[in-house]
Each structure stands twice: as C-alpha cells, then as structure tokens.
Amino acid sequence: DGGITQSPKYLFRKEGQNVTLSCEQNLNHDAMYWYRQDPGQGLRLIYYSQIVNDFQKGDIAEGYSVSREKKESFPLTVTSAQKNPTAFYLCASSTGPLRGNNSPLHFGNGTRLTVT
Amino acid sequence: GQQVMQIPQYQHVQEGEDFTTYCNSSTTLSNIQWYKQRPGGHPVFLIQLVKSGEVKKQKRLTFQFGEAKKNSSLHITATQTTDVGTYFCAGPRMNYGGSQGNLIFGKGTKLSVKP
C-alpha cells in the first residue's frame, strides 16, 4: 500500500530539547512538505522540498530545520529556538504539476507534539 | 499578503439539513482544491476545480468555482453523520517559485451533525 508514514503519532518533550519528526513516503513523489496545524487554524507551511537535496522555507520556518537526503524521506527537527512548538505536525507529498495546476497533497497521519 | 478566507468557521446542523461553506481569495486563483479532515485525522483531498464557473459533483457534495476565480463553495445536500469534519479550501501561493503543491489554506469550516 502506497502512502506517507509519520512517526511517532504522539511525542512528548521537555522544553529546551530538540526533537525530530519522521516522514517517509513510498508514493515516488518528488515534492514533500511540512505543515503545522493549531486548533481552529488552517495549515501553515513550515518547509517544502521539490527535489532531493533541496528545500525552501515556508511561512513559519523559524525554529525548524529539515533535510532531504533521500526522495522518500523528509524529517523535520523542531529546535529549542521554536517558541511555541506544541502543535499537530502534518507531512505531505505531491507529484508533478497536473497540466500546469497543483497536484493534490497526500498527507500522513500526523504527529502530535507536546512540549512542557 | 495573499489570503484565503472561509466562512463560517463552525456550522452545526441537524442530520438531513443542507450545509454550505464559502471560500474567498484575495487574489485570482489558477485552481482551487478542497480537503476534508475528520476529527483526529489528517486532511484528505476531495477535488480540484480549474475552470471559471466550474461545477463538480460528488454524490451529495457540489463544488463551485466562481466566474472570477476568486471564490468557491462546497455544498452538501442532506447531511449525514459521516460528513462530520473540517472542510478546507486551498489555492496556489503566488509568491513562491513554482506553484507545485505550494498551497495556502483557509482556516476551514468545522461541521458537526446532530443525529
């Protein structure tokens, strides 16, 4: 079954610690994304990558870092510099543009991070 | 900056009633996508609209894209408890190099259905 796997589902950390969220896809998609979702809010883009070894900042990249060493993997590190890290984190992927338009995003099940 | 706004933020309906959520963009969109997120779940792609004035149907769901390509709506006829969730619209960002997948999302409309 093709899909996106995020692990773990729930993650608890103490303030001041860095934490890495895993995202793996076997859909052979070129593009991958990290979104953050807070209650009552839409999805805000943290980082995205359109190709291996390349990634770009989204709207709220401060306090986060990513890597894209393999097509299948796009891990997100939440650093201690992120002022309000407690949130629901969603990883997504997409294939190439569909006749010039955006291709749909396929989301993982998400990781709920709680920092105390 | 570019904004995508959705109204209402919440909607409570009795099972069998109709439901509509509206999406308005501050800029003209080349396309618009709709997603559904069940409680505790992740967003799932529903549909993409591309043409001005386009109307698409999926069973009890009707999606419209405005003539000016700045607004869209999702209408559900005779809601069921399985329709519960948050519905998001999303359009391509204008200030990113390449629009592939770089979507700006509305804040969503949360639908609850009373049996």
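Naming convention: chains lettered A, B, ... in sequence-line order (proteins, then strands); numbering from 1 in each chain. From a predicted model like this one, the values you see are computed outputs, not experimental measurements.
Linking ILVMFWY residues whenever their side-chain heavy atoms come closer than 4.5 Å, directly or via other members, places A:Trp34 and A:Val115 in the same cluster.
Atom CD of B:Gln14 sits in a crowded spot, with more than 12 heavy atoms from other residues, nucleotides or ligands closer than 6.0 Å. Around NZ of A:Lys71, the count of heavy atoms belonging to other residues, nucleotides or ligands within 6.0 Å exceeds 12. The environment of B:Glu15 atom CD is dense: over 12 non-hydrogen atoms of other residues, nucleotides or ligands sit within 6.0 angstrom. Residue B:Lys56 qualifies as enclosed at atom NZ: its count of foreign heavy atoms under 6.0 Å is above 12. Within a 6.0 Å sphere centred on OH of B:Tyr22, heavy atoms belonging to other residues, nucleotides or ligands number 12 at most.
Listed by chain and number, the residues in a side-chain contact (heavy atoms from CB on, under 4.5 Å) with B:Lys57 are B:Thr62 (sequence neighbours excluded).
Taking non-hydrogen atoms and a 4.5 Å limit, the residue list of residues 33-46 of chain B in contact with chain A, ordered by number, reads B:Gln33, B:Tyr35, B:Gln37, B:Gly41, B:His42, B:Pro43, B:Phe45.
Here the side chains of B:Leu103 and A:Tyr48 are not in contact, with every heavy-atom distance at 4.5 Å or above. The shortest side-chain heavy-atom distance between B:Phe105 and A:Gln37 does not fall under the 4.5 Å cut-off.
Both the backbone and the side chain of A:Leu43 come within contact range of chain B, with heavy atoms under 4.5 Å apart.
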